Amino acid sequence: MLAVDIIGVRNHMYDLVGKFLSELPAVQTIQELDDLLKPVLDHYEIQHYICTNMFGFRCLQNRKPMFGTWDSDWVSHYVSNHYYVEDAVITYSLSIREWDTPFYWSDLIAERNLTRGQNRIFDEAWDAGLKEGLVIPLPVSVDDNDMITEFAMVSLAGRKFKKDPVVKGILHLISLQAHRQARRIFLSNWRNQFAPDVFPISPNLPIELLTPRQKEVIQWLAEGKNQHDIATILRISPNTVGNHLAAARDTLQVDNNEELITKLYRHKFLI
Amino acid sequence: MIHVISKHNAHLYPNVLRDMFQLRHKVFVEQRGWNKLAKADGLEKDQFDTDDTVYFLKLDEDFRIRGGMRLVPTTLPTQLGTIFKHYCVLKNPPMDVQRHEWSRYFITDTEYRSPAGYPVHYELFVAILEYCVHRGIEGVSGFIEAGILPRISKMPWEIEYLGPPVEYGGTDGEPVGLGAPLNIEVNKTMLRLTRIAWRVRKPVISLSLGEELTPAREFGFNADVQYQVEDFIRTCPEHVEAIGLFARELQHVDTGSRATVRGILETMTREVTMDGFDNKVSKTPNYVPTSLELQ
């Protein structure tokens, strides 16, 4: 009887996946994709599912979410505390060479020597109800030397989510196909520009508000020139250079030149 | 160039085929640790290497193997139909004359670039797709390792998963791998898009005339010419040297004359194919033109 039940549950699972995969090609917007994903995630009791473009995708700034349904409180907390800087999930997935292997949070905690900060992030996630999670690395393209040039990552977690090889395979498959479709949607709608934000935290920078002269000054700053060097190069007074930089910092709402350069780099303004 | 080796021209490649089985043993058994495939003679040959298997091999200028893959018709026993059948939980593996299965993909040197600047896998996949499109093969299926799935996702291909990614191996000292059974639809548009995506404009298939007859400086041919040549070798194997000489002439003549030679080559092989429909056409070419005649 139990065996029959298990087969029944499995068949239901595969029906859900089959339905998802058959309806996926018709999806035209990210919202529709999220809606289609919802029943599958609900079935596995996953409350937090986020697919992030880590780097390399031309329609999005690095580290921007592509699609998913996520726990807003946790993401706000995560971003406002800059957890992405030391999060073990991110640092580990960027360092592994076996790109094909999805891994569980619990395996990561058990097998790696995590820093105190990294452990704290997992503890806080546990408190927020994300007790077990799965990370699926998606290396989208490599260059001629086998170095990754575009990389996305799916991170999912849930209160009652548990380790299960069959579920892992299904979520891997769904993530691969959903990411493929999302990528197509982004590329067809915003071919050569950044897509608008799907999440209000760390919005796209209003680069278009910078004046040409400010951009010029910033580019020289990124090349390692100081205020006096730039003044000599552009044949203006050092104070004017300072004014340009101050105005640019003001426009982009950053505190110092380091943050200005980093943000612009991440925004692909500087290469 | 990519050499297409089937039962019709296998006799022209005795050493290359042996090298390929040896190389496969080195790659799959010794490097990847798939111990179940180990053979005492050092030639990795399994139940899917039959007469009907077609091998696609990338041979460099010195006839060394740089990479390869095999294609098996799904009407015969295939990996997905037998050993990986239980992984196809979403859909049954295809079994159709127009569907083939690819397997045993290997590249010996990832840094190798052809004279035109392409990595091995570009030429290999374009050749396979071109071959499929020309032979009316509508789909290729296979058990693909998970590491390259996102990269396949990026290609403008229609992909259908037959089951989710699963772990395999782990017994007899073999490593645990992760892979998924999938089916890829092949058609003209897809071939064109692939060529555009990889910027492979020129033909990549060699005439596949074997170790002795293939000229040192090779030219690519479209899949239809290669098919005609293969057909010619099948119907009159005793005249295979004629094609070899023709192919050799190609490297001595300028571009304009080369087109003429290609034309003659096509006509010659077509005549044989048309034999029986038109009695006026001689069955085999009974002369071999020299480079002087071509001018």
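Note that the structure is a prediction, hence the values are computed from the model and not measured.
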(request) Could you tell me whether A:H48 and A:F161 have their ring centroids closer than 6.0 angstrom? (result) no
(request) Against chain B, label A:L21 side chain, backbone, both or neither, depending on which of its atoms sit under 4.5 Å from a heavy atom there. (result) side chain
(request) Sequence neighbours left out, what passes side-chain contact (heavy atoms from CB on, under 4.5 Å) with B:N187? Give chain and number order. (result) B:T189, B:M190
(message) Between B:Y118 and B:W198 (judged by ring centroids, cut-off 6.0 Å), do the two rings come close enough to count as a pair?
(response) no
(request) Could you list which of residues 79-95 of chain B have a heavy atom closer than 4.5 Å to any heavy atom of chain A, in residue-number order? (result) B:V89, B:L90
(message) I need the A:T91 OG1 to A:Y84 OH distance, nearest 0.5 Å.
(response) 14.5 Å
(request) May I have all residue pairs that pass salt bridge (charged side-chain N to carboxylate O under 4.0 Å, His left out) and include part of residues 36-47 of chain A, sequence neighbours excluded? (result) A:K38-A:D42, A:E45-A:K160
(request) Below 4.5 Å from any heavy atom of chain A, which atoms of B:E160 appear? Answer side chain, backbone, both or neither. (result) neither
(request) Please name all residues satisfying ring-ring contact (aromatic ring centres under 6.0 Å, His included) with A:W126, sequence neighbours left out, ordered by chain then number. (result) none
(message) I'd like to know if the side chain of B:S103 pairs up with that of B:R70 as donor and acceptor (distance under 3.5 Å, no hydrogens or angles considered).
(response) yes
(message) Less than 4.5 Å to any heavy atom of chain B: does that hold for the side chain of A:V140, its backbone, both, or neither?
(response) both
(request) Counting only heavy atoms closer than 4.5 Å, note whether B:I152 contacts chain A via side chain, backbone, both or neither. (result) backbone
(request) On the 0 to 90° scale, with breaks at 30° and 60°, tag the B:Y168-B:F143 ring pair as parallel, tilted or perpendicular. (result) perpendicular
